[in-house]
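One structure is given here, and the rest of the page talks about it.
Both counts, for ligands and for their atoms, begin at 1 and track the order of listing.
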Amino acid sequence: MDKNLLMQGAESVLMHTYSRFPIVLDHGEGMYLYETDGTKYLDFAAGIAVFALGYGNEEYNEALKSQVDKLLHTSNYYYNEPAYAAAKSVCEASGMERVFFTNSGAEAVEGALKIARRYYYNKTGKNDSTIIAMDHSFHGRTMGAVSVTGKAAYREPFEPLIGGIRFAEYNNLASVEALFDDTTAAVIMETVQGEGGIYPADSEFIKGVRKLCDERGALLILDEIQCGMGRTGTMFAYQQYGVLPDVVTIAKALGCGVPVGAFAARGIAAEVLVPGDHGSTYGGNPFACKAAETVFALFEKQHVLENVNGMKTYLWDTLESIRAEFPCIIGHRGLGLMQGLAFDRPVGEIVKATMKHGCILIAAGNDVIRFIPPLVIGKEHVDEMAKALRAAIREVTE
Ligand SMILES: *Cc1c(COP(=O)(O)O)cnc(C)c1O
């Protein structure tokens, strides 16, 4: 089908919730995506930190195909092997004890919020709980997830949202402490803020929040939907801080393209939800769980974490050298293969120009370019991205 006709047709029937780039993607191979007309792009966005294993990963594809022929869906009234295997893998990798599978990240956040409310209700018999969330956070687009999202523009048009949410300043422990009182059921935050502009937690901050939660009997919910699943060099970013949450939310790379998320918990937080409290028709179906199970297996077999740790410094050094060349770049932050360059201007034009030079990047907020490639990346891909980005910045700023 003609590309322009397709784009026009799609715009006429899809809701206008996205400003899409004018390309029509058809297939992928390794680190590259191809348009229907064959135009090739190096992918530094991975479908928003989803496709960790690279496109066309044969073992991953074969595992999914075999599950398609066996069983796609059963509901959660019965057991199935992939759900058990995937849950075991999530627990082993995260240090959690029980898992609930969802169909998206936002749903995982909803579940974590329900644990917090139920925990407080069990403890106090009251329903006046509050939850502390962070400025500049992003937790998804459903009503509960929007309620704890720090960006006012995502919240205000949809108010009234769920009540009892208080916002603290990220990486400012005193601001969290000031919001604590007897009604605090939980603190929710990203270990590395993603959409908000790629801000890793300071070590003192995250440890301090953990300590506050312990002292005051509140749960710590870490949202690792973007920064988890190996992206920062450990399976979960909190493992680099020596901190364990009570509840973790996971999605994006968990299924590497098949929609699956999870919330996992330990200790009392793993026990508060009982039959009747929560459910999902699709959540944790054999197909989605086969994807998650296979992702964990291939992370081991294809040495994905080793590659992240081998490549993170190369990406860091490359972006540092680009930053040194362009005064419009005013910051460089990140952890592992989740890095961002902050500009003194909106980055939309630079992202578009980089795409014309054959590399897909995405922004995080208005003025940060985010680098979240598939985790199987090699040095040659970083070099290729750097070349496209340099050319694009020159074009846009000179
Ligand atoms: C993407 C994201 C979500 C929402 O996930 P969806 O699958 O889009 O619902 C929640 N939290 C964080 C940190 C995310 O990056």
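Less than 4.0 angstrom separates some heavy atom of Glu190 from each of these atoms of ligand 1: 13 (C). For ligand 1, the atoms lying closer than 4.0 Å to a non-hydrogen atom of Gly140 are 4 (C), 10 (C). For ligand 1 and Phe138, the ligand atoms under 4.0 Å from any heavy atom of the residue are 2 (C), 3 (C), 11 (N), 12 (C), 13 (C), 14 (C).
Residue His139 touches ligand 1 through its backbone alone, judged by heavy-atom distances below 4.0 Å.
The protein atom (non-hydrogen) at minimum distance from atom 1 (C) of ligand 1 is Lys252 NZ, 1.5 Å. Considering only non-hydrogen protein atoms, atom 6 (P) of ligand 1 sits nearest to Gly105 N, 3.5 Å. Looking only at heavy atoms of the protein, atom 11 (N) of ligand 1 is closest to Asp223 OD2, 2.7 Å. Distance from atom 9 (O) of ligand 1 to its nearest protein heavy atom, with residue and atom name: Ala106 N, 2.7 Å.
Remark: among candidates Asn103, Ile372, Thr249, Ile225, the nearest residue to atom 3 (C) of ligand 1 is Ile225, based on non-hydrogen atoms.
Other members of the cluster containing Tyr154 are Phe138, with ILVMFWY side chains joined at under 4.5 Å, either directly or via other members.
The list of salt bridge (Lys or Arg N to Asp or Glu O under 4.0 Å) pairs with a residue in residues 212-230, not counting sequence neighbours, reads Arg210-Asp214, Lys211-Glu215.
Salt-bridge annotation for Arg345 and Asp367: absent, with no side-chain N of the basic residue lying under 4.0 Å from a carboxylate O of the acidic one. Taking the charged nitrogens against the carboxylate oxygens, Glu195 and Arg370 do have a contact shorter than 4.0 Å, which makes a salt bridge. A salt bridge links Glu271 with Arg98; the closest basic N to acidic carboxylate O contact falls under 4.0 Å. Salt-bridge formation is detected for the pair Arg166/Asp181: a Lys NZ or Arg NE/NH1/NH2 atom is positioned less than 4.0 Å from an Asp or Glu carboxylate oxygen. With respect to the salt-bridge test (charged N to carboxylate O, under 4.0 angstrom), the residues Lys387 and Glu384 do not qualify.
The N/O atoms of Gln226, backbone and side chain alike, include one that comes under 3.5 Å of an N/O atom in ligand 1.
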